[in-house]
Amino acid sequence: MRQYCGCVVDVEAHGRATDSVLHTSSIPPGCHRRSKKSLTVKISLTRVDQRLRTRSQSVCLGQSVCVAMAMRHTIDRQHPSYKEGKRKLLESKQDHLIAEAERAVEERKRARSGGGPPCGSTSDGARRGKPRGRRGGRRKASATVTYPPAECSPSSHEDVPLTAPSAQLNPQEAFENFVERLSSLNASGPSAKPQISSASSWTFRQQKSSERWTEARPNHLQCLIEKEAVGHPLCCLCHKPAVIRCRECLPEEWFCGDCDVLHHKKQPLHNRECLIRGFFEPIPPTTRVMKGEDGYYTQDQACILPTVSVSNCVCDGTTFTVLPGKPVILININGRYDLHQPLYVCQTCQQQRTPDMKDFLQSGYWPASLNTSTFYTLDLLSSFQELKVISPGFSRQSFAKLLEHRTKCGGRSGHIKGDTLQRSFLEFSYASFEKDQLCCGAAFTCPACTPEMLAVSVDGNRKLYRFRRNGSSGDHAFFEGLFVAEDSAVSGFVDMIQKAVKKTQGRGMCGDSQWTAARETSRRASKLDEEGMEVAVCRHGFLLKALNMYRGEIFAYPMYLQKELMPAKAQFFAMDVACKYWPYLEKVASVLPALQELTTMKPFLSVMHARAHATKCEIKWSGRNQEGAGTTAGEEVEQVNSYLSRCALTTKYMSKAARLDMLTLHAMLWNHKKGDSLHQALSTRYVKTCQRLLEETAMLAELKTQLHCSDEMVSQWISDVMEWAAGETRDTSGNLQGTTHTGLQRSIEGLYLSVRQRKQNLYRQNDSNKLRHRLRRKLAEDKKLLLQEIQKHNKLDSAENIDAAVVEHSLSGESTVSPIWPWEVHDSANIGTKKRIHDQVMTTKRLQEEKNILVMEMAQHCTWLQNLALVLKNKVAEEGGESGDKGDEGLCSLLRRRNTEVSEGLQVVLQKYKTALGPEASVILNIEEEDQVSTVVQTPVRMKRKA
């Protein structure tokens, strides 16, 4: 069996008679047009017969050449191509037998029914149209048809006569014969490889990977054991017997005692291993190996901290002797090192000098204290900062334990203080923040929402509490007032509000549901200092402002944040209890005229929280029904809270100042991550919005066709739904204006909304598994009681039945539509149908608005980057860096680097937006030429507004 051009050909017939038959059923589909049919090729050693027998197909010239080339070689039965050809040969036999079996079944049906002529080879050939043979027609007699041999060996070349069922056997016998041959063929032939579907391809790859790992596992174990063999290595420098191995000096890792001292005198931070005890033993840099009369032994040595070279002496001497000076501790990612500060002695005047703080900082070290006895590497602090972003709950004590473990692995010892690490880390973070401010940094600004912001979302996070502590360090926070508002300003605002407006005790009610956040007053917790935080974010998830909560979630806290964010000119103010907050805001604004401007915003009830409100409240206040809001969910603050809540694992035990600084740092790092991926989020959202708009538009047209609604009727139905939602609603006492409801109806509404609300807040407001277990039990009890109340209601003769299955489906979370109770319908019997049209129309309108909003935000993002690049360019021109001052030169270098980063980022952003917007991107974003924005675009990008 040989393979040519992808053709696998049986060549065992070489040397036989001239008219030997070679079977090439295993030829792959790339060599001829119809490869799935069984092909029998009759090849002569002198010529290739171009005519095949009945029901055979033509073979391409390339196939004949492949067969002729294969005739000159012998068979290799172990070759993979041979086995593959054998498998395909049997597959083709099976296809033919199945086809003949199907024909036999048809023949049997025709024989029993006494119908038309039998379906044999004659009719099959007649359908092909072109007559064959010398007399211009197909032969009518049942001829012997040549098929691939039934044996498994592809070297067999005898023609197997297969009598047509229409000539020699009746249909029943032919059918049984085919079934018998098919069974024997499947039993004797090798099993084909299973076809892996796309759904199970990942499982298949994982299985193969696991098998390969299993096969390699013994070899890996053997290698791990072999690498511990000491052997008899030689020094890479002097070729004497080696006693030290240093993996950080690879490939020259072996050293003798003397060469080790000379080589690692300037590399004291390398982790070395000693061989003198017959195994690899980690040793600290302060230990050296000496050779004595009785063998090798270890001896202590003083290691000097690597620093930048000091400036020349006052006597203009340039020759210095470096001696061990004051002991110093250096902590890097590999743990703690006990070293000595360098002591420089001038050979000319014998004056001694030591590096100052400037030299240490230029060497990449950050002080743990001002007495320069302990230093952290800048790389360590940057790694800890990145680790805090990835895992907000990772504490400083855990990181210190990790560094102590790395110290022990290097053969060193020593304790690392977590409190000192945190203090130094916060100092480093604040210095980095100030450096970023000099480079025009804006930590709490959303580029896509500047200068016009669409919506602000505000919500409280009860998990960010802090336990009350008797002792306090009295330290002031580094980031006081930057992200978290000052407590004195917030408390003064709250007192002003509560003095001006009469207090209303208790929780707010929406229908029969109670909301913890919908209250005007609250008591302080006894064991807590800060009870949480109220956080404000934009629609892209950028953190804008926050404040500490001391009295629970009262209305005065979001009102303070709304007042602070008024310069952003947001159009909507999103909350989970906007239906109760907005009337309270209007009441306060009527008493305090200074807050009247807050009412210029539009209320926005968060989309997901609206599901736990009354149905009429959802229609009236939900963000899905607000004109101009797009597809803003109002739940963006929940995404941020899911990140900030993990910080509470450590911040609840910190001091007041440390907690504020750590939360501010987390907020800045979160915004930085959001800013890096903002262009991807906007472009992806735009593409998905366009796709969904087409789908929802088609669904609206289908719904209108299904309900036989014209455009005028749709408008009328939407008006009816809005009028119905604005009608009479239940107050806190459970009575309606002008009518009364039974206690059973009030119980059903209250239980339903209570269950939805509990499920909504199960994980959002509770961080204890024990508490969540009690809430789940209470939730199950309320749900069971709700179904019992529905059964009682359905038993009433005058009441319309409530579908319990629909109610359960709504509570499961799979449905986003709130049920409409029978007693809410009143005169509009088809309000449910009208609400379907209303919801679909609102969805389509919001998607159309979202498309235009995203284009505007893309333009604002580009404009913000271009303006920033222009400001940086002007600053670089102003600074110049030619004054000779090192500080000015460093600032100029920072500005150049920042300018380069912004300009390159602008190119990436523009390319991403062009990909999303398509050919109209240059027109929409007003980009004239590509080269004009290669560095800094002088003309800012402006979106062309459509009339």
Could you please spell out the steps behind the salt bridge (Lys or Arg N to Asp or Glu O under 4.0 Å) verdict for Glu530 and Arg466?
CA-CA 5 Å; Glu530 291 91 347; Arg466 186 178 71 88; 2.7 Å; yes
Here the side chain to side chain donor-acceptor pair (under 3.5 Å) pairs for residues 678-691, sequence neighbours left out, are Arg685-Glu850
Establish, yes or no, whether a centroid distance under 6.0 Å links the rings of Phe479 and Phe433.
yes
Do side-chain atoms of Arg412 reach the backbone of Arg336 as a donor and acceptor pair under 3.5 angstrom?
yes
Reference residue Lys656; test side chain to side chain donor-acceptor pair (under 3.5 Å); the match among Asp487, Asp529, Asp661, Asn548:
Asp487
Can a salt bridge be assigned to the pair Glu404 and Lys408 using a cut-off of 4.0 Å between side-chain N and carboxylate O?
no
Would you confirm whether Trp670, through its side chain, and Gly541, through its main-chain N or O, come within 3.5 Å as a donor-acceptor pair?
yes
Nearest heavy atoms of Val389 and Tyr643, plus distance in Å:
O-CE1, 3.5 Å
Is the NZ or CZ atom of Arg396 both under 6.0 Å from the centre of the six-membered ring of Phe425 and within 45° of that ring's axis?
no
Using 4.0 Å as the upper bound for N to carboxylate O, is an ion pair formed by Arg898 and Asp436?
no
NZ (Lys208) with more than 12 external heavy atoms under 6.0 Å:
no
Name all residues meeting the ring-ring contact (aromatic ring centres under 6.0 Å, His included) criterion together with Phe394; count only those two or more places apart in sequence or in a different chain, and write none if there are none.
none
